[in-house]
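The structure under discussion appears below in the form of structure tokens.
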Amino acid sequence: MLRTHTCGELRIENVNTTVTISGWVQGVRDKGSLLWIDLRDRYGITQITIETEKADKSLIEIARSLGREYVISVTGKVLERYSKSEKLPTGDIEIYPDKITILNSALIPPFTIEDETDGGDDIRMKYRYLDLRRNTVRKNLELRHRLSIETRNYLDKLNFIEVETPVLIKSTPEGARDFVVPSRMHQGEFYALPQSPQTFKQLLMVGGFDRYYQIVKCFRDEDLRADRQPEFTQIDCEMAFVEQEDILQTFEGLIRHLFLAVKGVQIPELTRITYADAMNYYGSDKPDIRFEMKFVYLKSAAAENANNLVNGAGFKVFDAAQIVVGICAKGAAEYSRKQLDELTEFIKRPQIGATGLVYARYNADGTIKSSVDKFFDEAALKKWAIAFGAQPGDLMLILAGEQNKTRKALSELRLEMGTRMGLRDKKKFACHWVIDFPLLEWSEETSRFHAMHHPFTSPKPEDIKLLASVPGEVRANAYDMVINGVEVGGGSIRIFNKQLQSRMFDLLGFSKEDAEAQFGFLMNAFEYGAPPHGGIAFGFDRLCSLFGGADVIRDFIAFPKNNSGRDVMIDSPSPIAKTQLIELGIPLS
RNA sequence: GGAUCGGUAGUUCAGCUGGUUAGAAUGCUGCCCUGUCACGGCAGAGGUCGCGGGUUCGAGUCCCGUCCGGUCCGCCA
């Protein structure tokens, strides 16, 4: 061993012992007659001190030749410091070296290896191995490690076993685009990388492994975001002989265990909200319920809660709208004209696409001032206030238009207001289930139904009768777990019966032949005694970023790709040699 | 595929309605300094203003194109 101790462990008890530590030079402070070296490794920083008037000349020469990030080994005596540092755990001691060995020199790093680095994202990605030396990045990966260990502990105790599934599999048309891998031995044919181990975990259920999990890489060839990578990691789970309730219980147990074990946070039992309610009250299938600010409808498309308070006043925008819906921002009546204009601009951005924002201030003196006073008198506005549950001092923000678009826009506005009002504290965690997702989703683009979750999702038994008549209204035994407005996991009870599965393929527009060619293996397996089963998969990277209080998952992946799917460090993807292409039988145009 | 913001010293950024020699901080180099720990002080080096074209007497600045990066929509569980 080139060390007896790490750079993080020496304490006052070690004084007067001779030790050897190795690491990277964080910095040198040369004060003439005194010279200090901060030596860093994964575990901490230890100070090396040289008194240049007493020390060996060659030692001083070596010390003065050191640059940042040189790798050195130091042997010397641990002594109590003359002036101690509160900032370092090793701050009570320092090492007087007898010997300094330069194990390797280093170029000057392009950015500083400090918590508050001067490097931007781009340069840090290119030199990721240097970025990994920084505390902040290292801590993120340590957090990831803890989460994976605790996941395994929890699931192992419940008799789950981790089984690996293949990475070179078969392309299927449903869902995301596949990454494909050409086969040399079978020219013109391709493997695909799994978007998830979905079918394999179901086959494991047929194979009698009634509790399976895997922390596994998945691949999707789609455009990226701050919280999306082309390859990402899932905690993939499946159970047999269970109903939806069992899955919800088991895996909210997992999340609560992780919060307790890793963060020491006690999470209450998860609340549940139906997809329909989530859309109705929050305009989103992954609402952030750290704060309330539920939607209030002044006019609604649904007959049952059509408390229409806006029609007939001569305001065409409201009269023509399918819905008029708003939120009540508590205590925000003080918002200035400028702030309201900012909000209007916010909802008019093309990404959000609303055409205008109506506001009504419930002033502290009890009067109400709105942007549509021309059409609505004080009495009408008071009725709005009652509907909104607004008190003097509150601000009502109202959008109107077609249902889906308007809900979506208001959902964005709600989140924006939550942020502006400081209601989205990253240290607070609100976890809940969204249940009863629709089974199918109509696609205008392809003029057919798509599976909302995936084609193996089981419809709710009581809704099966609707499959023939109104397939769009059939609810699925599907569920998502949402934390702070982030979808961290989702799953479903699966179809385990060949007839129902082929009926689903029918609805999804598969021909018998296509279904057979693509999923025949699964349907065949279902004929050999498939148990009822269901499961869930968690986005592990997202979970890590959430635990770490960040929005960007890149910081929790050792070697991430950038926004356009490139690894700027190794420079991939890259062209391959002509000979490789010929071998694969792939002509490039 | 679309929207939007950005690209200037090794790095992070400033640079106004176009106008002399493009600045700051940090990092780097040298010298000084006995208790520093973001050490301090003094001096110094360091620039294809992403790239190409255009407008103009004159472009880091304006226009067009292009490449690269960030965020978002579409897409994606």
Side-chain angles (χ1 to χ4, degrees), chain A residues 26-40 45-54 64 67-69 79-88 90-91 94 107-127 130 174-178 195-196 198 218-230 232 234 236 285-286 345-346 348-353 405 408-409 412 434 437 441 443-445 450-454 457 478-482 486-492 536-539 542 551-552 554 562-566 568:
Chain A
Q26 176 72 34
V28 178
R29 289 181 299 280
D30 186 348
K31 215 157 158 52
S33 55
L34 275 173
L35 183 154
W36 295 275
I37 303 163
D38 281 341
L39 195 62
R40 184 200 71 237
I45 286 181
T46 298
Q47 178 168 282
I48 319 293
T49 302
I50 298 173
E51 290 178 307
T52 53
E53 269 151 39
K54 296 180 193 161
R64 291 222 156 105
R68 281 164 54 205
E69 301 305 312
L79 290 175
E80 185 171 0
R81 282 207 204 179
Y82 178 77
S83 55
K84 297 180 177 169
S85 169
E86 306 271 296
K87 288 182 195 160
L88 298 174
T90 62
E94 60 196 350
L107 297 175
I108 295 158
F111 53 89
T112 56
I113 313 294
E114 284 162 17
D115 292 0
E116 297 294 324
T117 180
D118 62 359
D121 287 345
D122 206 16
I123 194 99
R124 290 196 291 119
M125 286 279 231
K126 185 164 177 193
Y127 298 91
L130 296 180
E174 274 290 305
R177 269 183 279 267
D178 287 317
Q195 296 172 25
S196 78
Q198 185 58 39
C218 304
F219 307 86
R220 289 175 194 161
D221 188 5
E222 296 292 347
D223 290 357
L224 306 176
R225 287 287 188 286
D227 63 350
R228 272 193 240 154
Q229 287 269 304
F232 60 100
Q234 282 190 345
D236 190 52
D285 63 353
K286 45 178 197 288
E345 222 162 281
F346 174 82
K348 279 180 159 175
R349 282 168 36 203
Q351 281 89 340
I352 297 183
K405 247 183 109 175
K408 201 175 160 241
E412 296 297 332
V434 178
F437 274 80
E441 195 174 26
S443 163
E444 293 294 339
E445 202 181 321
H450 284 244
M452 191 141 181
H453 185 58
H454 58 54
T457 301
Y479 32 81
D480 276 358
M481 189 189 284
V482 176
V486 176
E487 182 211 322
V488 297
S492 63
I536 191 167
F538 290 92
R542 279 186 191 174
D551 299 320
V552 179
R554 277 196 288 271
N562 75 7
N563 209 26
S564 48
R566 284 201 160 273
V568 293

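Per chain, numbering begins at 1; letters A, B, ... match sequence-line order. As the structure is a prediction and not an experimental result, all values here were calculated from the model.
Counting heavy atoms from C-beta on, the side chains of A/Arg228 and A/Arg542 come closer than 4.5 Å.
A sub-4.0 Å separation between OP1 or OP2 of B/A77 and a side-chain N or O of A/Ser196 is absent. Side-chain N/O atoms of A/Arg554 include one lying less than 4.0 angstrom from OP1 or OP2 on B/U71.
Taking atom CD of residue A/Gln195 and atom P of nucleotide B/C75, one finds them 16 Å apart after rounding to whole Å. The interatomic distance linking A/Lys408 (NZ) with B/C73 (P) rounds to 7 Å, in whole Å. To the nearest angstrom, C1' of B/C76 lies 16 Å from CZ of A/Phe219. In this structure, A/Asn562 places its CG atom 10 Å from C1' of B/C68, rounding to the nearest Å. Look at CZ on A/Arg177: it is 14 Å from P on B/G74, rounded to the nearest Å. Rounded to an integer number of Å, the gap from A/Arg64 CZ to B/U29 C1' is 15 Å. Distance A/Asp551 CG to B/U71 P: 10 Å, rounded to the nearest Å. Atom-to-atom, CZ of A/Arg124 to C1' of B/G70 comes out at 13 Å; the value is rounded to the nearest Å.
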- Could you run through nucleotides 35-47 of chain B and give me one letter per nucleotide, 5' to 3': B if any protein heavy atom sits under 4.0 Å from the base, S if only the sugar-phosphate is that close, - if neither? BBBSB--------
- Query: Tell me, for nucleotides 3-14 of chain B in 5' to 3' order, what letter each nucleotide earns: B for a base near a protein heavy atom under 4.0 Å, S for only sugar-phosphate near one, - for neither?
  - Reply: B------BSS--
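Contact annotation for A/Thr52: no contact, since no heavy-atom pair falls under 4.0 Å across all strands.
For the C1' atoms, the distance linking B/C13 with B/C5 amounts to 15 Å, nearest Å.
The base-pairing partner of B/U61, taking Watson-Crick or G-U wobble contacts with both distances under 3.5 Å, does not exist among the strands shown. If you check B/U29 for Watson-Crick or wobble pairing at under 3.5 angstrom, you find it paired to B/A43. B/A24 is paired with B/U12 under the criterion used here, namely a Watson-Crick or G-U wobble arrangement in which both key atom distances are under 3.5 Å. B/U71: Watson-Crick or G-U partner is B/A3, with both key distances under 3.5 Å.
Using a 4.0 Å cut-off between a side-chain N of Lys or Arg and a carboxylate O of Asp or Glu, A/Asp38 and A/Arg29 qualify as a salt bridge.
For residues 221-229 of chain A, proximity to RNA chain B is found at A/Glu222, A/Asp223, A/Arg225, A/Ala226, A/Arg228, defined as any non-hydrogen atom under 4.0 angstrom from a strand atom.
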